[in-house]
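To start, the structure itself, in structure tokens.
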Amino acid sequence: MTGHQYGFGDGMLAELWQADISAIEKLNENNHYHVTYKEIEPSAGGEFLENTNIFYSSYELENESQPFEKKVALVIGRGGNQLGGPNAGADYYTSQTLIQLHKSGYKTIIMNNNPNAVSLSPQLSDKQYIEPIQLGNILNIIKLEEPEVIILPGNRHYLAKQLKKRKGLKIIVLPPDQDVAQVVRPKVTTAIDFFIDGTEIIPIASISYGGSKP
């Protein structure tokens with residue numbers, strides 16, 4: 001799909017088209033359009049055969065990420081939040097969560113897109129996905145890995161709300177789980193962050209405010 005080629009995830013497309021993400025998923029399925037994952041190569045020319053267990057999404061034919069056979073826990077990182085004591089503390093909390101899950105017998109998977117995050121240290125998890133913290137990206141990983149439990153940061157209100165609607169998913173929200181948090185925007189309904197590189201427009205993220213149309 002053209003939208004995917006320009007960097008829009010399923011969740012972002014659903015927001016822009018004012019459609020449920022399940023409609024985008026069905027469209028992908030009907031067109032045999034599936035996400036695959038490629039492993040990050042530790043050497044520039046591929047000289048060494050070494051498994052990093054670090055993956056990124058693509059739409060190539062071959063999927064290099066194979067799901068684990070034992071019980072799996074998927075931990076969602078804090079994303080691009082890097083500065084300040086609270087974010088550093090939250091990433092430490094995420095790291096400790098990975099450690100305790102591993103001690104409890106889980107295969108641990110971390111999904112994050114902040115290269116400075118301590119929680120992305122290879123020693124802390126069995127597999128890493130360097131992906132945007134967006135609903136569509138999370139659902140793609142859930143479909144592949146089939147985790148027994150999914151752990152979200154407490155500030156991801158929209159993601160928690162949407163994932164809890166999915167039957168069969170065990171969602172745990174780390175504190176603080178601020179269920180009553182609201183964003184009031186009387187006119188603006190959607191915000192899009194993007195880079196402009198010459199003639200290229202590269203979308204980064206979208207946020208729906210759920211307000212009335214302008």
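The first residue in the sequence is number 1, and the count goes up from there.
The nearest pair of heavy atoms linking V118 to L124 is O-CD1, 3.4 Å. Here the shortest heavy-atom pairing between E25 and L139 reads OE2-CD1, 3.5 Å. When all heavy atoms of T108 and H102 are compared, the pair lying nearest together is CG2-N, 3.9 Å.
Of the N and O atoms on the side chains of S95 and S119, not one donor lies less than 3.5 Å from an acceptor on the other residue. Side chain to side chain, E131 and S57 meet the donor-acceptor criterion of an N or O pair below 3.5 Å.
Note that NZ of K70 and CD of E148 are 10.5 Å apart. Values are rounded to the nearest 0.5 Å. Rounding to the nearest 0.5 angstrom, the gap separating the CD1 atom in I150 from the CG atom in L74 is 6.0 Å. Going from atom CD1 of I110 over to atom OG1 of T94 covers 6.0 Å, rounded to the nearest 0.5 Å. In this structure, OG in S65 is found 12.0 Å from CD1 in I54, a value given to the nearest 0.5 Å. Distance check: L98 CG to Y106 OH gives 13.0 Å after rounding to the nearest 0.5 Å.
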Does L163 form a side-chain contact (heavy atoms from CB on, under 4.5 Å) with L135? I'd like the steps, not just the answer. CA-CA 8 Å; L163 288 173; L135 178 60; 3.9 Å; yes
Does the pair V173 and H157 meet the rule for a side-chain contact (heavy atoms from CB on, under 4.5 Å), with working shown? CA-CA 9 Å; V173 181; H157 314 298; over 6 Å; no
Run the side-chain contact (heavy atoms from CB on, under 4.5 Å) test on Q128 and N53 for me, step by step, so that the C-alpha distance in whole Å, both residues' side-chain angles and the decisive distance to 0.1 Å come before the verdict. CA-CA 6 Å; Q128 304 174 30; N53 283 332; over 6 Å; no
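One finds a salt bridge joining K127 and E145 here, because a Lys/Arg side-chain nitrogen approaches an Asp/Glu carboxylate oxygen to under 4.0 Å.
The environment of NZ in K170 is sparse: at most 12 heavy-atom neighbours from other residues, nucleotides or ligands sit within 6.0 Å.
Looking at R156 and I76, their side chains never come closer than 4.5 Å, going by heavy atoms from C-beta outward.
Geometrically, K38 does not engage F55 in a cation-pi contact, judged by NZ or CZ lying under 6.0 Å from the ring centre and within 45° of the ring axis.
The residue from L174, I133, I171, I172 that alone fulfils the side chain to side chain contact (heavy atoms under 4.5 Å, CB included) condition with L152 is I171.
Ring pair Y37/Y129: centre-to-centre distance below 6.0 Å.
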